[in-house]
**Q** 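Can you keep this structure in mind? I'll have questions shortly.
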Amino acid sequence: MIVFTGYLIAIVLILFPLYYYYAKCYALEKFYHQFPSPPKTPFFGNALDLKTTKDLFQSFHRYVKAYGTMVHLKIGPFDHMLLCSNPKFLEFLLTSNTLLKKSPNLRYLVPWIGTGVATAYGPKWKLHRKLVTPAFHYSVLSQFVNTFESSGNILVEKISKLCDGQKVDNFDLYPHITRCTFDIICETAMGTKSNVQTNETSVYFESIKEMCRIFMSRTMAVFQRYDFIFRFSKDFHLQKKALDIIHNYSNEVIATKRKELDENVKQKESVDDLGRKEKMVFLDMILNKAIDGHIFSQEAIRGEVDTFMFAGHDTTATAISFILLCIANHNEVQDKIIEEQERLFGCEKNPKVTFAHLQEMQFLENVIKEGLRLYTPVPLYGRQIDKNVEFEGMLIPKGVNVVIFNHGVHMNPEFYPNPEKFDPNRFESMEDKHPFAFIPFSAGPRVCIGKRCPRKYKNTIK
Ligand code: HEM
């Protein structure tokens, strides 16, 4: 009898998890299969269509055209996902205060930026979001206009020299712009001058570039997604080397700042050697700060600084590069930008630009928005549904993986007639469009922290 009972318990213990797993898979399969899907290859699913970044984009746009704004995809034998470019569904998903878990791909960033504002979810994310949000207050951003301007001036000078006033074909601006945005983010986030625009060699800069490359490559690779396979790759060793350099650098900067604070050498808005008011950089704001009684560890602080280095320089460099390309190809847009600048500054050659001026640049803002629509710097991101929810009568089971294809929304002719055309005037009025038809910075509680545009501050300035 005892043996029989033992067998029974063992069978129940085995069968129950199996049943639970089967029910979960069944609910997920049933959910995904209600959406149209491109033909799949056995074992690989749709993965063979998505081998390179270029393939992936072309295929995603092709799927949206052929199957609509909610498409079921299968990557390899097990991974399902819902490719979504439907503004109504995205509004539901992105405005939710509970569906905050991000794409599983972000785990590749954890060795670098830790689990903080960009990668955590739940109470930990809330705490970190509260920590970093004040850094984007008007009073903080407005003190950096000089930094933006002086780094921008170096960039313009460099490019003028390289082109020497001549028309140059196939000139790649991106490597120059990325150094400029890197200098800016170093100065505004950590208060250090990296000077990578003028000093071509910086191991810190190279290491960050290396980490960005490895992150993208792992996101795209079929096998390196798995940690146990990645450990045997060359990139694993390159990552280890890059992380040593990046973390040592961030740790040193934090240690110096801490020392300054401890010695009371540098207080909020203290005065430097030349009698100027010193700026509060991002790191000054988060060091020694407690949120809801929580004190952040050295590792957590370093994670947020590294997050800003990752999230803040490549996105902006990509955006600026494409926007400049669009402007270069459209003389009529150049003329209108110059007209707006002349209205603000007259014919002054080196005017003093202030935050208030930025708020008056309505046409330039429309140009930037149109550039972000057409060449969206973060064209895909994701959410993992971590509890059963309902959308317009449809049950969405826990475990669904949503790939948010914002570029798909931005190229939808229903919202943007003739979507391939660069036309900043589209943004003169957005009233006739769905509010989620333009989401280059995402939206809702996890909206990009760098999104705030100067015009948004207009009514808050006293
Ligand atoms: C043109 C420039 C930028 C674009 C297009 C952009 C785009 C985005 C997008 C789409 C997300 C959401 C990702 C997701 O939900 O998985 C995001 C999140 C984020 N961005 Fe940006 N970003 C830009 C610039 C910046 C800058 C300058 C910073 C900081 C210096 C920044 C910091 C962040 C952070 C910390 C998050 C995570 C927010 C959270 O999860 O709560 N971004 N960004």
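Just so you know, ligand 1 is whichever comes first in the structure, and atom 1 is the first atom listed for that ligand. The residues of the chain are indexed from 1 along the displayed sequence.
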**Q** With atoms numbered from 1 as shown, which atoms in ligand 1 lie under 4.0 angstrom from a non-hydrogen atom of Lys102?
**A**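 By the 4.0 Å cutoff, the relevant atoms are 14 (C), 15 (O), 16 (O), 37 (C), 39 (C), 40 (O).
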**Q** Which residue and non-hydrogen atom of the protein lie closest to atom 24 (C) of ligand 1, and at what distance in Å?
**A**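 For atom 24 (C) of ligand 1, the nearest protein heavy atom is Thr315 OG1, 3.4 Å.
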**Q** Using a 4.0 Å cut-off to any heavy atom of Ser442, which atoms of ligand 1 qualify?
**A**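 Per the distance check, 10 (C), 12 (C).
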**Q** Report the part of Phe136 (side chain from C-beta onward, or backbone N, CA, C, O) that has a heavy atom under 4.0 Å from ligand 1; answer both or neither where that applies.
**A**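 Within the 4.0 Å criterion, Phe136 contacts ligand 1 through side-chain atoms alone.
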**Q** Classify the contact between Phe441 and ligand 1 as side chain, backbone, both or neither, using a heavy-atom distance cut-off of under 4.0 Å.
**A**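 Both parts.
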**Q** Considering only heavy atoms of Ala311, which atoms of ligand 1 have at least one such atom less than 4.0 Å away?
**A**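 Near Ala311, meaning under 4.0 Å from one of its heavy atoms, ligand 1 has 24 (C), 25 (C), 26 (C), 31 (C), 32 (C), 33 (C), 42 (N).
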**Q** Output the list of atoms in ligand 1 that are nearer than 4.0 Å to some heavy atom of Arg383, sorted by atom number.
**A**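 Result: 14 (C), 15 (O), 16 (O).
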**Q** Hey, which of Phe230, Tyr226, Phe228 is the one that makes ring pair (Phe, Tyr, Trp, His ring centres under 6.0 Å) with Phe236?
**A**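 Among Phe230, Tyr226, Phe228, the one that satisfies the ring pair (Phe, Tyr, Trp, His ring centres under 6.0 Å) with Phe236 is Phe230.
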**Q** Answer yes or no for Arg373 and Tyr416: cation-pi contact, defined as NZ/CZ to six-membered ring centre under 6.0 Å and angle to ring axis within 45°.
**A**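 Positive - Arg373 is close enough to the ring of Tyr416 and near enough to its axis.
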**Q** So for ligand 1, is Val117 a polar contact partner (N or O within less than 3.5 Å, distance only)?
**A**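 It does: an N or O of Val117 is found under 3.5 Å from an N or O of ligand 1.
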**Q** I want to know whether Phe171 and His176 have ring centres closer than 6.0 Å.
**A**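 Centroid separation for Phe171 and His176: below 6.0 Å.
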**Q** Any N or O on Arg446 sitting closer than 3.5 Å to an N or O of ligand 1?
**A**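 Arg446 vs ligand 1: N/O contact under 3.5 Å present.
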**Q** Please identify which atoms of ligand 1 are closer than 4.0 Å to at least one heavy atom of Gly312.
**A**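 Selected atoms, number and element: 26 (C), 27 (C), 28 (C), 30 (C).
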**Q** Can you tell which part of Ile439 has a heavy atom less than 4.0 Å from ligand 1: side chain, backbone, both or neither?
**A**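 No part of Ile439 comes within reach of ligand 1.
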**Q** For atom 8 (C) of ligand 1, grab the closest protein heavy atom and report residue, atom and distance to one decimal in Å.
**A**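 Checked against all protein heavy atoms, atom 8 (C) of ligand 1 sits closest to Cys448 CB, 3.6 Å.
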**Q** Who gets closest to atom 5 (C) of ligand 1 by heavy atom: Ala135, Gly450, Pro445, Pro440?
**A**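 Closest candidate by heavy-atom distance is Pro440.
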**Q** Check Lys336 with Glu332, please: is the shortest side-chain N to carboxylate O separation under 4.0 Å?
**A**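 So Glu332 does not pair with Lys336 through a salt bridge.
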**Q** Could you list which atoms of ligand 1 come closer than 4.0 Å to a heavy atom of Ile185?
**A**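 Counting from 1, the qualifying ligand atoms are 30 (C).
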**Q** Parallel, tilted or perpendicular, judged at 30° and 60°: which one describes the rings of His294 and Phe296?
**A**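 Aromatic pair His294/Phe296 classed perpendicular.
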**Q** What I want to find out is whether Glu252 reaches Lys259 closely enough, with some N-O distance under 4.0 Å, to be called a salt bridge.
**A**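 The answer is no: the pair does not qualify as a salt bridge.
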**Q** Is any N or O atom of Trp125, backbone or side chain, closer than 3.5 Å to an N or O atom of ligand 1?
**A**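 Yes, since at least one N or O of Trp125 sits under 3.5 Å from an N or O of ligand 1.
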**Q** Let me know which of Ile246, Asp306, Asp314 forms a side chain to side chain contact (heavy atoms under 4.5 Å, CB included) with Ile208.
**A**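 The side chain to side chain contact (heavy atoms under 4.5 Å, CB included) with Ile208 is passed solely by Ile246 among Ile246, Asp306, Asp314.
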**Q** Is it true that Glu210 and Arg213 have a side-chain N and a carboxylate O under 4.0 angstrom from each other?
**A**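 Between Arg213 and Glu210 there is a salt bridge, with a charged N closer than 4.0 Å to a carboxylate O.
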**Q** If we only count N/O pairs under 3.5 Å, is Arg129 in contact with ligand 1?
**A**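 Between Arg129 and ligand 1 (N or O atoms, distance only) the closest approach is under 3.5 Å.
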**Q** Around atom 36 (C) of ligand 1, find the nearest protein heavy atom and jot down its residue, atom name and distance.
**A**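 That would be Ile449 N, 4.3 Å.
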**Q** Please determine if Lys74 and Asp79 form a salt bridge, counting it only when a charged side-chain N lies under 4.0 Å from a carboxylate O.
**A**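 Salt bridge flag = no for Asp79 with Lys74.
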**Q** Taking the six-membered ring for Trp and the single ring otherwise, decide whether the centroids of Phe60 and Phe57 are under 6.0 Å apart.
**A**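 Centroid separation for Phe60 and Phe57: 6.0 Å or greater.
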**Q** Taking the six-membered ring for Trp, are Tyr63 and Phe35 ring centroids under 6.0 Å apart?
**A**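 Ring-ring flag for Tyr63/Phe35: false, centres at least 6.0 Å apart.
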